[in-house]
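In what follows, every chain begins at residue 1, and chains take the letters A, B, ... in the order their sequences are listed.
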2 protein chains.
Amino acid sequence: MNLFGDHIRQRREELKAQNRDFSVRKVAAKVGLEPSYLSKIERGEQAPPSEEKIKVLAEVLGEDRDVLLALAGKVSSDLQEAIRRRPLLFAELIREIKDMPDHAVLRLVREVRDGDW
Amino acid sequence: MNLFGDHIRQRREELKAQNRDFSVRKVAAKVGLEPSYLSKIERGEQAPPSEEKIKVLAEVLGEDRDVLLALAGKVSSDLQEAIRRRPLLFAELIREIKDMPDHAVLRLVREVRDGDW
DNA sequence: GGGTGTGTGTAGTATATACTACACACAGAG
DNA sequence: CTCTGTGTGTAGTATATACTACACACACCC
């Protein structure tokens with residue numbers, strides 16, 4: 001059950017197959033971590049790093065930051081702040097749609113994005 | 001800037017004016033905290049307690065849990081989990097509506113709640 | 001076979017989080 | 001004047017978070 005570690009290891013290995021700049025050491029340097037620490041994270045021996053580091057890692061690996069944060073069991077602080085600013089509205093909205101199927105949520109997103117909201 | 005502490009102290013004092021069961025000691029006992037700890041929280045000398053304790057406190061004080069959590073700088077774990085399950089959909093939705101005025105978000109909430117979503 | 005790069009093992013650290021336990025001083029009630 | 005309840009001060013603790021520093025063994029290159 002090492003979702004985060006397995007995911008970034010696989011992604012890094014993919015990139016490494018095409019470009020030598022994706023060794024543990026190189027990626028760790030780009031993110032600003034010790035190589036041994038990143039290695040342990042990939043193998044699930046250490047918990048995922050901080051939100052900040054995960055965001056840089058997502059950039060380096062060309063992945064979506066919110067997906068990577070989710071795999072790490074975290075939620076981006078800007079989303080949390082949006083909820084904290086209007087807790088009643090956001091809490092109700094999220095609880096209302098949290099069990100809806102993907103297509104329904106997607107339709108809602110599109111409606112909001114394209115509509116006159 | 002002690003939003004959480006000031007808020008719960010004021011609320012507790014209000015209730016205490018009508019009912020002796022809302023002293024620091026009584027409330028702390030109901031929530032499951034040491035009185036001195038609650039006192040320090042109210043005065044901002046200590047950070048707000050855990051999510052669990054805040055939820056019990058909201059119940060005891062008759063307040064909305066999400067509002068209290070927001071004042072404590074937190075977001076309920078069930079909302080976070082909803083986002084983590086579908087990070088792409090939820091992140092986009094929240095970022096799309098986070099700067100919309102209250103009435104627009106409220107209209108959206110109502111539409112989702114009452115509609116055939 | 002010496003240098004370079006690779007992943008990883010060992011052994012720590014600093015800071016934050018989330019509290020408890022106990023004692024003290026004061027106020028009002030009987 | 002003592003008992004009860006009140007808020008609060010002092011002094012801790014356990015656990016988690018988020019890492020660093022350094023060394024080691026192996027593999028490939030020339």
Side-chain angles (χ1 to χ4, degrees), chain A residues 2 4-58 60-61 65 68-69 71-77 80 84, chain B residues 2 4-58 60-61 65 68-69 71-77 80 84:
Chain A
N2 172 28
F4 181 81
D6 287 344
H7 184 87
I8 64 167
R9 164 143 293 190
Q10 189 183 331
R11 177 65 178 161
R12 188 182 56 74
E13 298 283 8
E14 275 173 33
L15 293 165
K16 189 185 159 194
Q18 301 169 336
N19 186 330
R20 291 160 217 78
D21 286 348
F22 290 92
S23 70
V24 168
R25 280 182 147 86
K26 293 277 182 66
V27 171
K30 283 185 216 170
V31 176
L33 293 174
E34 279 290 311
S36 63
Y37 182 41
L38 178 58
S39 172
K40 274 173 282 195
I41 289 165
E42 286 190 348
R43 285 172 293 128
E45 201 183 302
Q46 284 276 336
S50 66
E51 180 179 341
E52 281 306 303
K53 303 293 185 182
I54 291 172
K55 285 178 177 172
V56 178
L57 191 57
V60 169
L61 298 180
R65 54 169 57 183
L68 226 51
L69 285 167
L71 288 168
K74 297 177 194 275
V75 171
S76 187
S77 51
Q80 298 206 37
R84 287 197 307 262
Chain B
N2 173 28
F4 181 80
D6 288 345
H7 184 87
I8 64 167
R9 165 143 293 190
Q10 188 182 331
R11 176 66 178 160
R12 188 182 57 76
E13 297 284 6
E14 275 172 34
L15 292 165
K16 188 185 159 194
Q18 300 169 336
N19 186 331
R20 292 159 217 77
D21 286 347
F22 290 92
S23 69
V24 168
R25 279 182 147 84
K26 293 278 181 66
V27 171
K30 283 185 216 173
V31 176
L33 294 174
E34 279 290 310
S36 63
Y37 182 41
L38 179 58
S39 172
K40 275 173 281 195
I41 289 165
E42 286 190 347
R43 288 172 292 128
E45 202 184 300
Q46 284 275 337
S50 66
E51 180 179 340
E52 281 307 301
K53 303 293 186 182
I54 291 172
K55 285 178 176 172
V56 178
L57 190 56
V60 170
L61 298 181
R65 53 168 57 182
L68 226 50
L69 285 167
L71 289 168
K74 298 177 194 274
V75 171
S76 187
S77 52
Q80 298 206 38
R84 287 197 307 263

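- Residue R20(B) contributes atom CZ, which lies 15 Å from atom P of dG28(C) at whole-angstrom precision.
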Short heteroatom pairs, N/O only, protein and nucleotides 7-9 of chain C, under 3.5 Å:
unit_1	atom_1	unit_2	atom_2	d
dG7(C)	OP1	R12(A)	NH1	3.3
dG7(C)	OP1	K16(A)	NZ	3.1
dG7(C)	OP1	V24(A)	N	3.4
dG7(C)	OP2	V24(A)	N	2.7
dG7(C)	N7	R25(A)	NH1	2.4
dG7(C)	O6	R25(A)	NH1	3.4
dG7(C)	O6	R25(A)	NH2	3.2
dT8(C)	OP1	R9(A)	NH1	3.4
dT8(C)	OP2	R9(A)	NH2	2.7
dT8(C)	OP2	S39(A)	OG	2.6
dT8(C)	O5'	S39(A)	OG	3.4
dG9(C)	OP2	R43(A)	NH1	2.6
dG9(C)	OP2	R43(A)	NH2	3.3
dG9(C)	O6	S36(A)	OG	3.2

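- Not counting sequence neighbours, K74(A) has no partner by the side-chain hydrogen bond (donor to acceptor under 3.5 Å, both in side chains) test.
- The side chain of Q46(A) sits closest to dC19(D) out of dC22(C), dC19(D), dA18(C).
- For the side-chain hydrogen bond (donor to acceptor under 3.5 Å, both in side chains) test, residues two or more places apart in sequence or in another chain that qualify with E42(A) are R9(A), R12(A).
- One can place CD of E52(B) at 15 Å from C1' of dT17(C), the figure rounded to the nearest angstrom.
- In this structure E52(A) satisfies the side-chain hydrogen bond (donor to acceptor under 3.5 Å, both in side chains) test with no other residue, sequence neighbours excluded.
- Note: CD (E34(A)) to P (dC22(D)) measures 9 Å, nearest angstrom.
- The end-to-end axis angle of the helix from dG1(C)-dC30(D) to dG30(C)-dC1(D), rounded to 10 degrees and based on five pairs per end, is 10°.
- For E34(B), the salt bridge (Lys or Arg N to Asp or Glu O under 4.0 Å) criterion is met by no residue, not counting sequence neighbours.
- Crowding of E14(B) atom CD: a count of heavy atoms from other residues, nucleotides or ligands under 6.0 Å exceeding 12.
- Atom CG of L33(B) is separated from atom C1' of dT17(C) by 14 Å (rounded to the nearest Å).
- Between I41(B) atom CD1 and dC19(C) atom C1' the separation is 9 Å, expressed in whole Å.
- Legend: residues meeting side-chain hydrogen bond (donor to acceptor under 3.5 Å, both in side chains) with S36(B), ordered by chain and number and at least two apart, are absent.
- The salt bridge (Lys or Arg N to Asp or Glu O under 4.0 Å) search around R43(A) returns E45(A), not counting sequence neighbours.
- The salt bridge (Lys or Arg N to Asp or Glu O under 4.0 Å) check on E51(A) picks up K55(A), with sequence neighbours excluded.
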